[in-house]
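Scroll down for the structure; my scribbles are underneath it.
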Protein chains: 2
Amino acid sequence: MTLRYFALGLLAQQPMSGYDMKQFLENLDWLISTPSFGSLYPNLHALLKDELVTVNVMRNGDNPPRKVYSITDAGHEALQDWINEPFDPDASLRGFLMRLMLANNLSRADLIDCLQQRRSQVAAHQLQLKEEKFSIDNEEDDSSALSKSLAHEYGLAVAKAELAWLDRKLQELSSTTRH
Amino acid sequence: MTLRYFALGLLAQQPMSGYDMKQFLENLDWLISTPSFGSLYPNLHALLKDELVTVNVMRNGDNPPRKVYSITDAGHEALQDWINEPFDPDASLRGFLMRLMLANNLSRADLIDCLQQRRSQVAAHQLQLKEEKFSIDNEEDDSSALSKSLAHEYGLAVAKAELAWLDRKLQELSSTTRH
DNA sequence: GGCGCCATGTAAACCGTTACATGATTCA
DNA sequence: TGAATCATGTAACGGTTTACATGGCGCC
(Lines give C-alpha, C1' and ligand atoms only; values in the text may rest on other atoms or scores of the structure.)
Protein backbone atom coordinates (compact mmCIF):
# COMPACT_ATOMS: atom_id res chain seq x y z
CA MET A 1 0.00 0.00 0.00
CA THR A 2 2.91 2.30 0.45
CA LEU A 3 4.21 2.31 -3.12
CA ARG A 4 0.68 2.93 -4.35
CA TYR A 5 0.40 6.23 -2.54
CA PHE A 6 3.95 7.25 -3.04
CA ALA A 7 3.47 6.87 -6.79
CA LEU A 8 0.27 8.84 -6.54
CA GLY A 9 2.14 11.55 -4.68
CA LEU A 10 4.75 11.78 -7.40
CA LEU A 11 2.02 12.17 -9.99
CA ALA A 12 0.64 15.00 -7.88
CA GLN A 13 3.91 16.86 -8.49
CA GLN A 14 3.76 16.30 -12.22
CA PRO A 15 2.33 13.87 -14.78
CA MET A 16 4.75 11.17 -15.81
CA SER A 17 5.03 7.69 -17.24
CA GLY A 18 6.04 4.57 -15.32
CA TYR A 19 9.40 4.71 -16.99
CA ASP A 20 9.92 8.33 -16.00
CA MET A 21 9.03 7.48 -12.45
CA LYS A 22 11.59 4.72 -12.27
CA GLN A 23 14.26 7.07 -13.60
CA PHE A 24 13.30 9.65 -11.07
CA LEU A 25 13.38 7.22 -8.17
CA GLU A 26 16.68 5.78 -9.20
CA ASN A 27 18.16 9.17 -8.46
CA LEU A 28 16.99 9.00 -4.87
CA ASP A 29 18.05 5.46 -4.43
CA TRP A 30 19.68 6.25 -1.13
CA LEU A 31 16.42 6.32 0.83
CA ILE A 32 13.84 4.16 -0.70
CA SER A 33 15.35 1.41 -2.74
CA THR A 34 13.83 1.88 -6.18
CA PRO A 35 10.80 -0.27 -6.89
CA SER A 36 11.04 -2.58 -9.87
CA PHE A 37 8.86 -2.32 -12.94
CA GLY A 38 7.25 -5.53 -11.80
CA SER A 39 5.62 -3.67 -8.93
CA LEU A 40 5.49 -0.20 -10.42
CA TYR A 41 3.40 -0.97 -13.50
CA PRO A 42 0.77 -3.07 -11.72
CA ASN A 43 0.41 -0.31 -9.13
CA LEU A 44 -0.18 2.27 -11.85
CA HIS A 45 -2.75 -0.04 -13.45
CA ALA A 46 -4.54 -0.30 -10.12
CA LEU A 47 -4.55 3.48 -9.66
CA LEU A 48 -6.02 3.79 -13.13
CA LYS A 49 -8.69 1.21 -12.43
CA ASP A 50 -9.64 3.06 -9.26
CA GLU A 51 -9.82 6.29 -11.26
CA LEU A 52 -7.27 8.06 -9.10
CA VAL A 53 -5.26 8.76 -12.26
CA THR A 54 -5.86 9.03 -15.99
CA VAL A 55 -3.62 8.00 -18.87
CA ASN A 56 -2.53 9.86 -21.89
CA VAL A 57 -0.99 7.56 -24.46
CA MET A 58 1.61 9.42 -26.48
CA ARG A 59 3.09 7.80 -29.52
CA ASN A 60 6.81 7.91 -29.50
CA GLY A 61 8.15 7.34 -33.00
CA ASP A 62 9.32 3.78 -33.39
CA ASN A 63 9.63 3.27 -29.65
CA PRO A 64 6.70 1.83 -27.72
CA PRO A 65 4.18 4.54 -26.88
CA ARG A 66 4.61 6.36 -23.58
CA LYS A 67 1.72 6.18 -21.13
CA VAL A 68 1.71 9.42 -19.24
CA TYR A 69 -0.34 9.32 -16.06
CA SER A 70 -2.00 12.33 -14.43
CA ILE A 71 -3.67 12.54 -11.06
CA THR A 72 -7.44 13.15 -10.87
CA ASP A 73 -9.47 15.05 -8.29
CA ALA A 74 -10.39 11.76 -6.62
CA GLY A 75 -6.67 11.01 -6.62
CA HIS A 76 -5.88 14.22 -4.80
CA GLU A 77 -8.47 13.38 -2.17
CA ALA A 78 -7.17 9.86 -1.69
CA LEU A 79 -3.65 11.22 -1.37
CA GLN A 80 -4.70 13.74 1.26
CA ASP A 81 -6.42 11.01 3.23
CA TRP A 82 -3.34 8.86 3.16
CA ILE A 83 -0.99 11.68 4.09
CA ASN A 84 -3.17 12.73 6.98
CA GLU A 85 -3.53 9.33 8.53
CA PRO A 86 -0.82 8.70 11.11
CA PHE A 87 2.10 6.67 9.84
CA ASP A 88 3.45 3.53 11.46
CA PRO A 89 6.22 4.15 13.93
CA ASP A 90 7.82 0.89 12.87
CA ALA A 91 7.94 1.54 9.14
CA SER A 92 9.79 4.43 10.63
CA LEU A 93 12.43 6.43 8.85
CA ARG A 94 11.50 5.21 5.43
CA GLY A 95 7.83 5.92 5.72
CA PHE A 96 8.55 9.33 7.14
CA LEU A 97 10.97 10.21 4.37
CA MET A 98 8.40 9.27 1.76
CA ARG A 99 6.02 11.73 3.31
CA LEU A 100 8.72 14.36 3.48
CA MET A 101 9.28 13.96 -0.22
CA LEU A 102 5.64 14.65 -0.83
CA ALA A 103 5.67 17.75 1.37
CA ASN A 104 4.56 19.90 -1.55
CA ASN A 105 1.12 18.44 -1.15
CA LEU A 106 0.97 19.57 2.46
CA SER A 107 -0.13 22.85 3.90
CA ARG A 108 2.33 24.44 6.28
CA ALA A 109 0.22 23.34 9.24
CA ASP A 110 0.08 19.75 8.00
CA LEU A 111 3.81 19.71 7.47
CA ILE A 112 4.33 20.86 11.03
CA ASP A 113 1.95 18.13 12.18
CA CYS A 114 3.93 15.56 10.26
CA LEU A 115 7.23 16.65 11.76
CA GLN A 116 5.76 16.73 15.23
CA GLN A 117 4.36 13.26 14.79
CA ARG A 118 7.80 12.02 13.89
CA ARG A 119 9.32 13.98 16.73
CA SER A 120 7.18 12.32 19.34
CA GLN A 121 7.84 8.89 17.86
CA VAL A 122 11.58 9.38 17.89
CA ALA A 123 11.44 10.81 21.40
CA ALA A 124 9.54 7.77 22.64
CA HIS A 125 12.08 5.59 20.87
CA GLN A 126 14.93 7.39 22.51
CA LEU A 127 13.45 7.10 25.97
CA GLN A 128 12.99 3.38 25.58
CA LEU A 129 16.52 3.02 24.31
CA LYS A 130 17.93 4.90 27.26
CA GLU A 131 16.06 2.77 29.75
CA GLU A 132 17.11 -0.44 28.09
CA LYS A 133 20.70 0.63 27.80
CA PHE A 134 20.72 1.45 31.48
CA SER A 135 19.50 -1.99 32.45
CA ILE A 136 21.90 -3.68 30.04
CA ASP A 137 24.89 -1.79 31.38
CA ASN A 138 23.94 -2.85 34.89
CA GLU A 139 23.83 -6.58 34.21
CA GLU A 140 27.61 -6.96 34.14
CA ASP A 141 27.34 -10.74 34.08
CA ASP A 142 25.88 -10.85 30.61
CA SER A 143 28.45 -11.92 28.06
CA SER A 144 26.42 -10.43 25.24
CA ALA A 145 26.40 -6.97 26.78
CA LEU A 146 28.82 -5.60 24.20
CA SER A 147 26.65 -6.21 21.17
CA LYS A 148 23.49 -5.05 22.86
CA SER A 149 25.23 -1.88 23.95
CA LEU A 150 26.62 -1.22 20.48
CA ALA A 151 23.27 -1.33 18.74
CA HIS A 152 21.73 0.82 21.44
CA GLU A 153 24.47 3.40 21.23
CA TYR A 154 24.03 3.58 17.50
CA GLY A 155 20.31 3.96 17.82
CA LEU A 156 20.74 6.73 20.34
CA ALA A 157 23.20 8.61 18.16
CA VAL A 158 20.82 8.52 15.23
CA ALA A 159 17.82 9.47 17.38
CA LYS A 160 19.68 12.43 18.80
CA ALA A 161 20.53 13.70 15.33
CA GLU A 162 16.96 13.24 14.16
CA LEU A 163 15.56 15.15 17.10
CA ALA A 164 17.99 17.99 16.62
CA TRP A 165 17.07 18.31 12.96
CA LEU A 166 13.35 18.11 13.66
CA ASP A 167 13.53 20.75 16.37
CA ARG A 168 15.49 23.09 14.17
CA LYS A 169 13.09 22.63 11.29
CA LEU A 170 10.04 23.08 13.45
CA GLN A 171 11.42 26.29 14.79
CA GLU A 172 12.19 27.56 11.29
CA LEU A 173 8.68 26.74 10.19
CA SER A 174 7.04 28.49 13.09
CA SER A 175 9.17 31.62 12.91
CA THR A 176 9.31 32.20 9.16
CA THR A 177 6.47 34.07 7.54
CA ARG A 178 4.40 32.06 5.15
CA HIS A 179 5.95 31.57 1.71
CA MET B 1 17.19 -15.05 4.21
CA THR B 2 17.87 -12.32 6.69
CA LEU B 3 15.55 -13.49 9.48
CA ARG B 4 17.00 -16.97 9.16
CA TYR B 5 20.49 -15.85 10.07
CA PHE B 6 19.42 -13.29 12.58
CA ALA B 7 17.54 -16.00 14.46
CA LEU B 8 20.58 -18.22 14.22
CA GLY B 9 22.68 -15.42 15.63
CA LEU B 10 20.39 -15.00 18.60
CA LEU B 11 20.64 -18.72 19.29
CA ALA B 12 24.41 -18.31 19.25
CA GLN B 13 24.05 -15.99 22.24
CA GLN B 14 21.88 -18.44 24.14
CA PRO B 15 19.44 -21.30 23.55
CA MET B 16 15.83 -20.20 23.45
CA SER B 17 12.39 -21.08 22.18
CA GLY B 18 10.54 -19.36 19.39
CA TYR B 19 8.32 -17.71 21.93
CA ASP B 20 11.31 -16.46 23.93
CA MET B 21 12.78 -15.05 20.76
CA LYS B 22 9.65 -13.10 19.94
CA GLN B 23 9.58 -11.66 23.46
CA PHE B 24 13.19 -10.68 23.18
CA LEU B 25 12.73 -9.02 19.82
CA GLU B 26 9.67 -7.17 20.95
CA ASN B 27 11.91 -5.34 23.35
CA LEU B 28 14.06 -4.06 20.51
CA ASP B 29 11.10 -3.20 18.42
CA TRP B 30 12.57 0.19 17.64
CA LEU B 31 15.04 -1.14 15.08
CA ILE B 32 13.85 -4.27 13.48
CA SER B 33 10.13 -4.53 13.55
CA THR B 34 9.47 -7.82 15.30
CA PRO B 35 8.85 -10.76 12.99
CA SER B 36 5.55 -12.57 13.44
CA PHE B 37 5.22 -16.17 14.56
CA GLY B 38 4.10 -16.93 11.06
CA SER B 39 7.61 -16.34 9.79
CA LEU B 40 9.56 -17.11 12.95
CA TYR B 41 8.42 -20.69 13.47
CA PRO B 42 8.88 -21.82 9.87
CA ASN B 43 12.36 -20.32 9.90
CA LEU B 44 13.26 -22.27 13.02
CA HIS B 45 11.89 -25.44 11.42
CA ALA B 46 14.11 -24.84 8.42
CA LEU B 47 17.18 -24.29 10.59
CA LEU B 48 16.40 -27.55 12.34
CA LYS B 49 16.00 -29.44 9.09
CA ASP B 50 19.35 -28.11 7.91
CA GLU B 51 20.89 -29.23 11.20
CA LEU B 52 22.13 -25.77 12.09
CA VAL B 53 20.22 -26.06 15.38
CA THR B 54 18.89 -28.80 17.64
CA VAL B 55 15.70 -28.88 19.70
CA ASN B 56 15.13 -29.73 23.29
CA VAL B 57 11.47 -30.25 24.02
CA MET B 58 10.76 -29.33 27.62
CA ARG B 59 7.40 -30.12 29.09
CA ASN B 60 5.81 -27.18 30.74
CA GLY B 61 3.08 -28.26 33.14
CA ASP B 62 -0.30 -27.83 31.55
CA ASN B 63 0.99 -25.33 29.02
CA PRO B 64 2.13 -26.57 25.64
CA PRO B 65 5.71 -27.88 25.79
CA ARG B 66 8.51 -25.40 25.08
CA LYS B 67 10.86 -26.19 22.21
CA VAL B 68 14.22 -24.80 23.14
CA TYR B 69 16.60 -24.49 20.20
CA SER B 70 20.40 -24.58 20.46
CA ILE B 71 22.94 -23.81 17.78
CA THR B 72 25.18 -26.61 16.46
CA ASP B 73 28.76 -26.48 15.21
CA ALA B 74 27.51 -26.41 11.64
CA GLY B 75 25.28 -23.56 12.73
CA HIS B 76 28.22 -21.57 14.02
CA GLU B 77 30.02 -22.05 10.72
CA ALA B 78 27.02 -20.99 8.68
CA LEU B 79 26.61 -17.93 10.88
CA GLN B 80 30.25 -16.94 10.42
CA ASP B 81 29.91 -17.28 6.66
CA TRP B 82 26.86 -15.04 6.64
CA ILE B 83 28.37 -12.44 8.93
CA ASN B 84 31.52 -12.23 6.86
CA GLU B 85 29.84 -11.75 3.53
CA PRO B 86 29.33 -8.07 2.70
CA PHE B 87 25.88 -6.72 3.45
CA ASP B 88 23.64 -4.88 1.02
CA PRO B 89 24.06 -1.12 1.07
CA ASP B 90 20.36 -0.72 0.36
CA ALA B 91 19.05 -2.92 3.17
CA SER B 92 21.14 -0.36 4.94
CA LEU B 93 20.67 0.68 8.53
CA ARG B 94 18.55 -2.25 9.44
CA GLY B 95 20.88 -4.90 8.07
CA PHE B 96 23.79 -3.23 9.72
CA LEU B 97 22.08 -3.03 13.09
CA MET B 98 21.27 -6.72 12.94
CA ARG B 99 24.94 -7.45 12.52
CA LEU B 100 25.83 -5.09 15.32
CA MET B 101 23.52 -6.99 17.60
CA LEU B 102 25.39 -10.15 16.78
CA ALA B 103 28.77 -8.54 17.44
CA ASN B 104 29.56 -11.12 20.11
CA ASN B 105 30.16 -13.61 17.36
CA LEU B 106 32.77 -11.38 15.79
CA SER B 107 36.45 -11.08 16.50
CA ARG B 108 37.71 -7.57 17.15
CA ALA B 109 39.16 -7.42 13.66
CA ASP B 110 35.92 -8.55 12.07
CA LEU B 111 33.98 -6.00 14.06
CA ILE B 112 36.29 -3.27 12.83
CA ASP B 113 35.79 -4.55 9.29
CA CYS B 114 32.05 -4.40 9.73
CA LEU B 115 32.11 -0.84 10.99
CA GLN B 116 34.44 0.24 8.23
CA GLN B 117 32.19 -1.36 5.63
CA ARG B 118 29.30 0.66 6.97
CA ARG B 119 31.43 3.76 7.15
CA SER B 120 32.31 3.65 3.50
CA GLN B 121 28.71 2.99 2.54
CA VAL B 122 27.42 5.91 4.53
CA ALA B 123 30.18 8.14 3.20
CA ALA B 124 29.25 7.25 -0.38
CA HIS B 125 25.64 7.93 0.49
CA GLN B 126 26.49 11.28 1.93
CA LEU B 127 28.52 12.32 -1.07
CA GLN B 128 25.69 11.48 -3.42
CA LEU B 129 23.25 13.37 -1.24
CA LYS B 130 25.43 16.46 -1.20
CA GLU B 131 25.77 16.47 -4.97
CA GLU B 132 22.06 16.02 -5.49
CA LYS B 133 21.17 18.65 -2.98
CA PHE B 134 23.48 21.07 -4.71
CA SER B 135 21.82 20.53 -8.07
CA ILE B 136 18.34 20.74 -6.56
CA ASP B 137 19.08 24.01 -4.80
CA ASN B 138 20.30 25.46 -8.08
CA GLU B 139 17.16 24.71 -10.09
CA GLU B 140 15.15 27.53 -8.51
CA ASP B 141 12.35 27.10 -11.01
CA ASP B 142 11.27 23.76 -9.62
CA SER B 143 8.13 24.06 -7.53
CA SER B 144 8.86 20.80 -5.75
CA ALA B 145 12.27 21.98 -4.53
CA LEU B 146 11.06 22.29 -0.95
CA SER B 147 10.17 18.67 -0.44
CA LYS B 148 13.22 17.38 -2.22
CA SER B 149 15.40 19.58 -0.09
CA LEU B 150 13.74 18.47 3.12
CA ALA B 151 14.33 14.79 2.56
CA HIS B 152 17.90 15.45 1.54
CA GLU B 153 18.59 17.57 4.59
CA TYR B 154 17.21 14.89 6.81
CA GLY B 155 19.30 12.23 5.13
CA LEU B 156 22.40 14.35 5.52
CA ALA B 157 21.76 14.98 9.21
CA VAL B 158 21.41 11.29 9.87
CA ALA B 159 24.44 10.40 7.76
CA LYS B 160 26.55 12.92 9.61
CA ALA B 161 25.57 11.47 12.97
CA GLU B 162 26.27 7.95 11.76
CA LEU B 163 29.72 8.86 10.51
CA ALA B 164 30.58 10.61 13.75
CA TRP B 165 29.57 7.60 15.80
CA LEU B 166 31.39 5.17 13.54
CA ASP B 167 34.60 7.19 13.64
CA ARG B 168 34.49 7.46 17.39
CA LYS B 169 33.86 3.76 17.81
CA LEU B 170 36.57 2.80 15.35
CA GLN B 171 39.04 4.93 17.22
CA GLU B 172 38.04 3.38 20.54
CA LEU B 173 38.47 -0.08 19.10
CA SER B 174 41.89 0.61 17.67
CA SER B 175 43.24 2.35 20.76
CA THR B 176 41.87 0.13 23.53
CA THR B 177 43.82 -2.98 24.44
CA ARG B 178 42.07 -6.23 23.69
CA HIS B 179 39.44 -7.20 26.25
C1' DG C 1 -18.13 -14.54 30.88
C1' DG C 2 -14.71 -12.59 28.31
C1' DC C 3 -10.01 -11.36 27.93
C1' DG C 4 -5.04 -12.16 28.10
C1' DC C 5 -1.14 -15.19 28.91
C1' DC C 6 1.29 -19.24 27.62
C1' DA C 7 3.10 -21.82 23.34
C1' DT C 8 2.92 -23.89 19.18
C1' DG C 9 1.55 -24.25 14.48
C1' DT C 10 -0.62 -23.73 9.48
C1' DA C 11 -2.99 -21.52 5.36
C1' DA C 12 -4.18 -17.61 2.75
C1' DA C 13 -3.32 -13.21 1.28
C1' DC C 14 -0.03 -9.46 0.25
C1' DC C 15 3.40 -7.14 -1.94
C1' DG C 16 7.56 -7.18 -3.69
C1' DT C 17 11.64 -8.97 -6.76
C1' DT C 18 13.57 -11.68 -10.54
C1' DA C 19 13.36 -13.09 -14.86
C1' DC C 20 11.34 -13.23 -18.94
C1' DA C 21 9.14 -11.25 -23.62
C1' DT C 22 8.65 -7.70 -27.35
C1' DG C 23 11.20 -4.85 -30.93
C1' DA C 24 13.48 -1.01 -33.04
C1' DT C 25 17.79 1.85 -32.58
C1' DT C 26 22.34 3.24 -31.50
C1' DC C 27 27.07 2.56 -29.92
C1' DA C 28 31.54 -0.10 -29.57
C1' DT D 1 28.09 -9.21 -33.03
C1' DG D 2 26.65 -7.90 -28.73
C1' DA D 3 25.04 -4.66 -25.46
C1' DA D 4 22.42 -0.66 -23.95
C1' DT D 5 18.49 2.57 -24.22
C1' DC D 6 13.67 3.18 -24.76
C1' DA D 7 9.05 1.45 -22.87
C1' DT D 8 5.77 -1.62 -21.70
C1' DG D 9 4.10 -5.73 -19.65
C1' DT D 10 3.36 -10.67 -17.32
C1' DA D 11 4.42 -14.99 -14.56
C1' DA D 12 6.85 -17.37 -11.11
C1' DC D 13 8.80 -17.17 -6.89
C1' DG D 14 9.91 -15.53 -2.00
C1' DG D 15 9.33 -13.91 2.43
C1' DT D 16 6.18 -11.71 5.55
C1' DT D 17 1.96 -10.53 7.76
C1' DT D 18 -2.77 -11.71 8.97
C1' DA D 19 -5.84 -14.63 10.58
C1' DC D 20 -7.05 -18.75 12.17
C1' DA D 21 -6.77 -23.19 15.41
C1' DT D 22 -5.69 -25.58 19.90
C1' DG D 23 -6.39 -25.57 25.17
C1' DG D 24 -5.83 -24.76 29.97
C1' DC D 25 -5.20 -21.31 33.54
C1' DG D 26 -5.77 -16.89 36.05
C1' DC D 27 -7.81 -12.20 36.43
C1' DC D 28 -11.54 -8.71 37.07
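Each chain gets a letter, A, B and so on, in the order its sequence line appears, and its residues count up from 1.
At whole-Å resolution of the value, NZ in A/Lys22 and P in D/dT5 are 11 Å apart. In this structure, B/Leu3 places its CG atom 16 Å from P of D/dG14, rounding to the nearest Å. Across the protein-nucleic acid pair, B/Glu26 atom CD and C/dC5 atom P stand 10 Å apart, rounded to whole Å. In this structure, the CG atom of B/Leu40 is 13 Å from the C1' atom of D/dG15, given to the nearest Å. Distance B/Arg4 CZ to D/dG14 P: 14 Å, rounded to the nearest Å. One atom, OH of B/Tyr5, and another, P of D/dG15, lie 11 Å apart when rounded to the nearest Å.
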What N/O pairs connect the protein and nucleotides 6-9 of chain C at under 3.5 Å? Give each pair on its own line.
| from | atom 1 | to | atom 2 | distance (Å) |
| --- | --- | --- | --- | --- |
| C/dC6 | OP2 | B/Tyr19 | OH | 3.1 |
| C/dA7 | OP1 | B/Asn60 | ND2 | 2.4 |
| C/dT8 | OP1 | B/Lys67 | N | 2.8 |
| C/dT8 | OP2 | B/Tyr19 | N | 2.8 |
| C/dT8 | OP2 | B/Tyr41 | OH | 3.1 |
| C/dT8 | O5' | B/Tyr41 | OH | 3.3 |
| C/dG9 | OP1 | B/Lys67 | NZ | 2.3 |

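Residue B/Ser39 places at least one side-chain N or O under 4.0 Å from the OP1 or OP2 atom of D/dT17. For A/Ser36 and C/dT18, the shortest distance from a side-chain N or O to OP1 or OP2 is not below 4.0 Å.
Of the inter-residue distances, the one linking B/Phe6 atom CZ with B/Leu79 atom CG reads 11.0 Å to the nearest 0.5 angstrom. To the nearest 0.5 Å, atom CG of residue B/Leu44 and atom CZ of residue B/Arg4 are 10.5 Å apart. One distance of note links NZ of B/Lys160 with CG of B/Leu129; it measures 14.0 Å at 0.5 Å rounding. Interatomic distance, CG of B/Leu115 versus CG of A/Leu150, reported as 7.0 Å (0.5 Å rounding).
Cluster membership for B/Leu47 and B/Val55, using ILVMFWY side-chain heavy atoms within less than 4.5 angstrom, is shared. Follow the hydrophobic side-chain contacts under 4.5 Å out from B/Leu40 and you reach B/Ile71 in the same cluster.
Rounded to 10 degrees, the angle separating the terminal axes of the helix from C/dG1-D/dC28 to C/dA28-D/dT1 is 30°, with each axis obtained from five end pairs.
With hydrogens and angles ignored, the 3.5 Å screen pairs no side-chain donor or acceptor of A/Arg119 with any backbone N or O of A/Asp167. At least one donor-acceptor pair closer than 3.5 Å links the side chain of B/Gln13 to the backbone N or O of B/Met101.
Note on ring orientation: taking the six-membered ring where Trp is involved, the planes of A/Tyr154 and B/Trp165 are perpendicular (angle over 60°, cut-offs 30° and 60°).
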